[in-house]
Every structure is written in structure tokens, then in C-alpha cells.
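Okay, so here's the structure we're looking at.
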Number of protein chains: 2
Amino acid sequence: MDPVSTEQVAEFRRFNRYFTRRIGALDDHYLGQDRPLGEARLLFEIGEGVSLRELRGRLGLDAGYLSRMTKTLQAQGLVRVSVHPGDSRLRVVELTRAGRVELAEQNRRADALAAGLLEGLSGPQRDRLTEAIGTAQRLLRLAGITVTRVDGAAPDARACLDAYAADIDARFPEGFDPSDLVRPEEVSGDAGAFLVAYEEGRPVGCGALRRLEPGIGELRHVWVHPDARRLGLARRLLAALETEATTRGLTTLRLDTHASLTEARAMYRACGYTEIPPYSEHVYGDHWFEKRLHPPGN
Amino acid sequence: MDPVSTEQVAEFRRFNRYFTRRIGALDDHYLGQDRPLGEARLLFEIGEGVSLRELRGRLGLDAGYLSRMTKTLQAQGLVRVSVHPGDSRLRVVELTRAGRVELAEQNRRADALAAGLLEGLSGPQRDRLTEAIGTAQRLLRLAGITVTRVDGAAPDARACLDAYAADIDARFPEGFDPSDLVRPEEVSGDAGAFLVAYEEGRPVGCGALRRLEPGIGELRHVWVHPDARRLGLARRLLAALETEATTRGLTTLRLDTHASLTEARAMYRACGYTEIPPYSEHVYGDHWFEKRLHPPGN
DNA sequence: CATAACCTTTGACTGTAGTCAAAGGATTGT
DNA sequence: ACAATCCTTTGACTACAGTCAAAGGTTATG
């Protein structure tokens, strides 16, 4: 990776300082108003019935701390705590009517804060701001996603493939037969690779590489979770898969895709893949692509 | 002002949440490391010799709280406290060598954090991110600036005019004679108006409107503090001055400017002003502009 | 020159955030 | 059926953040 320019680091830190001081602080202060911040955040995360376990994980809180905060919210009549139907060790907490009112008020205040801020701008300026923060958020998310190789049989790998299969099944008129998925041994060891993209610990994308014949590899199941689309993650996965292929001495990569996946086809073209005649008899493909890889020396 | 779209408010809040949770929290946590956050922030603000009074204002701290924090920093040998030379009520605090080392370490860590984040992006993506956060910051700053009318004799007005005069004096080869500034009575009452732009309580720009002859007004001293340039503030001032003119029934605005102020001339043109022959004998102008105003009904 | 205003220090608090360990009920694996 | 594991509760703390009021020295103001 190329080194990060110090000017960009400085710019980023400037923004960070400005934003947290000006917006973050304001937000924290006004959001809770007459309620401790921890409680306000908790209220916000509860939504419609969550287990304490889930909340602990999401907010990164100590079990005891969370238990106490929940109790005070309960004492104020804002939440209701009950035993989880399926597992009596778990407690499920949900908002009462009063809790929903409180949450709505909290949202109203935060909305008013944001609206008040945007009010100082003209229409086009607001559009530019919205555009800029959208871009910034997408890039920051992408920067926080890591792509790593995992075993083809690992739970995260199977979870991704299941999600992929369900996704395709819903999108193809003819459905999708899960037996067409790669088998773990096809993407293990020297035979191939299975890559998973993680965002904050959760798998949000995957891609498989397997050997077709000497010097030629095939990409399969390049998939990105719906929540993580439009970030440029597919390209990242593609690049990582190509690196895997190069280190294995493969010189050509092939893949097939479906006519209905228009964005995917456009992306493959943009990434240097060219359409070729069918090279295989996959059931679900009707467009075939190929790319020549450059040796690692370059 | 047009109402703010709820979609834009939602987008802004989404970004706000994401950013404070992901970046702000990280920053706070790692910045101090083995030091309370308050102390770390204090250390950061001290720089090279500041009075406690100044710090109190900048960080919004309680006098007692600040006094105590300063004392613990002093006990750790990070700062030196002395009496202000001009006013013995004030204390001046400055970093010791050890304090500067500590601050450098703090900066190094924050830089590393930012760099680590940017490392997940390719060069062009980093450029896009830098561009986006720059745009966002400029627009957020602009949104936080308010333009209000003040009396032409008010301290803030005079401060702006002094800064304007010094600015022009340094930029014009022939210098600038402060007696050419508008007199308070020219911009008071119905005669004219003096507008000051405030960012977080500090004046960062100004503009004057005075009556030239019936129906015709003149804009003078439109000025933006160097720290607040390139935000679009001059246009805001211009628009506000035009509103003032319209409510006074003026139908034409004129102004003169100097050949060396190229950006200013470009802005006037972009804002609908057209160049006209000289209408006055101002010493410092050599380009004259005019704009017809539309009645408020439109 | 007295008095008001100002800046800092000190003492005495309060509330929030957060940690750690022990204990008890519930579930899972063997 | 027994042990190990899991989830929550409770008690006992610690540290940080922040407020309020009294007091003492210093400077401006009439």
C-alpha cells in the first residue's frame, strides 16, 4: 500500500476535531437533556424488543452496568422487562408506551438540531453537504472493512454462501439450487481460496477462487451484503481475489454471471474483464468473462 | 428560508451517529490513553503560553475544575504556571519540555489513528474522502455563521473595519487611509446598515450599505476574515446586504473595488453585478459595479 | 481611596461512567 | 444426571466530570 500523505492525515484530523467538538458535543448534550447519556443511548438502541445480551454486545457495556441502567429505566416506566420465551436465561427488554413517547421526543430534538443546522444553508448548499457526507460515510465504511481469507468450511463462509444463495434464489426467476455452491475443498489449500469481508466483526461479503485448469482460475460467488452495497466493496473483493490468483501463478481468471445482474456485469467490464464465449456448462450463467493477470513483478 | 427536507435531516443524523460512534469515540479513547480526557484536552489547548482565563473560555470549563486540572498537570511536570506580566490576577500556563514531548506523543497517536483509517483506501479513494470532508467542513462552518445587523459604532463593527483596513493596507501598494472608512452615522437608521458575520461568537466578516442618492445605494467594506474565506461567506453577506437594500426601497446597488482583488471582482460578476463607468471619486477603487434589484414582491 | 468587578484557589459536594467479583438460576453437552 | 457454560443480578468499588460557594489577592472605576 502507498503511504498516507501527512496533509491528508492533517485534513482528516481537522475535520474530526471540528465535527466532534461542534456537532458531536452538541448532540450528546441535547439528546439526553434531563437524562444521563448512557440511559438515552440505551433507550435509543432498545427499539422493539431486544435481549440484554444483544444490547451488551451492541453497546459494549458491562453486564452489571447494563442491568442497573435497565432497572432505572424500568422504574421510570419507560421499558418492560420479560423473560425470553425460548431461553429463560435471557431477558428481553422493550419500550412501553411512555418509552416510545420519550424516544419520539428524543428523535424530535435530534431532528430539530440537525434541521436547525441545515437551515443556515441554501438549497443547493444543502444538496452539496448531503452529497459530501454521503461520500465520506461510504468511504469511511469501506476503509473499515477488512478482507481476509477463511477456510471454506468456516461458519462465516457458510453464512455468506447461504445469504448469497438466498439472494440469488430470490432474484432469478428459475430460482437457485444450493448444491451449485463451491464445496469447501475446492477453495482450500492450493486449490483455491475463500475470502470474507468483515465490517465491525460481521461478515458483509465474500468471494471464492478455484482452479479450473492449469494456469486458469475461476471466480465464484462474489457477493456483497445489501447493507454494504455501493461502497466499492465488490471491487475490493475482486482485487483481493486477483492477488490470491497471482500468488498461485494463475495467469487467467474466468467467471460467469447472469443477465439480470446488470451492475455486476458493468463492474466486471470496468475492472478489466472482457466477455468471452461460454467456457462451462453452469446452470445459472449466461454471460462469461475473462481477464489476463499480470505477473507479480509488475 | 425553504424548509429542510426530512431525508436530508435523516442523512445528516445517520452520518452524525456513524461518525461519532466510529471515529469520535475511538479518538477520545486512544488520545488520552493513560490520562483523563479532560487533562489530555487541556494539554492540547495550552500550546505556547495561554492564560487560564482564555482556556476557561475556550473549553467552557468551571474555574475551580480548571484550576485543579492545571495543578495536577503541574505536579506531573508537564506545565509551568506563572503570573501574567501585565495583570497579576491572571495566571499564564505553558508547556514544559516534558509537556511538549507528551503532546507530541499524543499527536503521534492521533496521526497514527487517522493514517490507519485511511490506509484501508486506495489513493484515489483517499483523495475523494479528503475532498468530501473538506466540502462538508466548509459547509458546516458556513451553516454555523450568522449574519446580523449591528450599530455602525459597535465594537465588533469597528473591529471588523480595522481588520479590513489593515488587510487592504497590506495588499495595496499605495496603502490605505482609514479615514476613508464609512462613518457610523452613514450606516445607521434608515441611512444604511452595517452587517457583521459571527462564527461561534467571533466576528469573521462584515459589509456596509449606505445611501448614495434616492433609490441608489452603495456597498462598502465587504470583508471576510482570512480564516473564514472560501466558505461562501462573502456571498451570504452580499445577499443579506441586498435584502437590507430592498427593504429600504433601493432599486440599484453600486460598489467599487480594486484591480488587485481579482476574486472579489469575479464574485461580484457571478452575483449579477455588471461593470459600469466610474460613478464616484473614491481613492482606492478602479473598477465599478452595479446591480438592479428586484422588488420584494418577486 | 473606597468599592465594585475580576481571576484564581480551595473545600465540599453530586452524579455519571465504568469495573470486578461473587452468586444464583437456566441451559447445553456428555 | 452432572459438570460446564451462559446470562443476569447484586454488592462494593474507583475514577472522572462537573458544580457551587466562600475567600483572598488584584485591578478598574467613580
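Everything numeric here is computed off the predicted structure, so don't read it as measured data. Below, read A as the first sequence line, B as the second, and so on, with proteins coming before strands; counting in each chain starts at 1. Below, all heavy atoms of this structure are taken into account, side chains as well, without hydrogens, waters or symmetry copies.
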Pick out the pairs of N or O atoms, protein on one side and nucleotides 14-17 of chain C on the other, that lie under 3.5 Å.
unit_1	atom_1	unit_2	atom_2	d
C:dA17	OP1	A:Leu37	N	3.4
C:dA17	OP1	A:Gly38	N	2.9
C:dA17	O5'	A:Tyr65	OH	3.4

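Rounded to an integer number of Å, the gap from B:Leu66 CG to C:dT10 C1' is 14 Å. In this entry the distance linking CG of B:Leu61 with P of C:dT8 reads 12 Å, nearest Å. For the pair B:Arg56 CZ and D:dA17 C1', the computed distance is 17 Å after rounding to whole Å. Between the CG atom of B:Leu90 and the C1' atom of C:dA5 there is a distance of 13 Å, given to the nearest Å. Put simply, NE2 on B:His84 is 12 Å from C1' on C:dC7, counting in whole angstrom units. Rounded to whole angstrom, the span from the CG atom of A:Leu52 across to the P atom of C:dA26 amounts to 16 Å.
A:Asp156 is listed as a side-chain neighbour of A:Tyr198, based on a closest heavy-atom distance under 4.5 Å. The side-chain heavy atoms of B:Leu52 and B:Val93, taken from C-beta on, include a pair separated by under 4.5 Å. A heavy-atom distance below 4.5 Å is not found between the side chains of A:Arg149 and A:Phe194.
Remark: A:Arg14 does not engage B:Asp111 in a salt bridge, criterion side-chain N to carboxylate O under 4.0 Å. Residues A:Asp227 and A:Arg138 are not paired through a salt bridge, judged by the lack of any N-O separation under 4.0 Å between the basic side chain and the carboxylate. Salt bridge status for A:Glu45 with A:Arg41: absent, with no side-chain N to carboxylate O gap under 4.0 Å. Between A:Arg21 and B:Glu200 a salt bridge is recorded (basic side-chain N to carboxylate O distance below 4.0 Å). Under 4.0 Å is where a charged nitrogen must lie from a carboxylate oxygen, and between A:Arg202 and A:Glu199 no such pair does.
Mapping A:Arg91 and A:Gly60 onto DNA chain C by nearest heavy atom places A:Gly60 closer to the 5' end of the strand.
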(request) Indicate for each nucleotide in nucleotides 21-30 of chain D, in 5' to 3' sequence, whether protein heavy atoms under 4.0 Å reach the base (B), only the sugar-phosphate (S), or nothing (-). (result) ----BBS---

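Taking 4.0 angstrom as the limit, A:Lys71 places none of its side-chain polar atoms (N or O) nearer than this to OP1 or OP2 of D:dT8.
Across every non-hydrogen atom of B:Ala163 and B:Trp223, the tightest pair is CB-CH2, 3.4 Å.
Annotation: proximity of residues 72-82 of chain B to DNA chain C (heavy atom, distance under 4.0 Å) is found for no residue.
Counting atom types as modelled, A:Arg68 pairs no side-chain N or O with a base atom of C:dG18 as donor and acceptor under 3.5 Å.
The environment of B:Arg97 atom CZ is sparse: at most 12 non-hydrogen atoms of other residues, nucleotides or ligands sit within 6.0 angstrom.
In summary, the aromatic rings of B:Phe19 and B:Phe12 are positioned with their centroids too far apart to meet the 6.0 Å limit.
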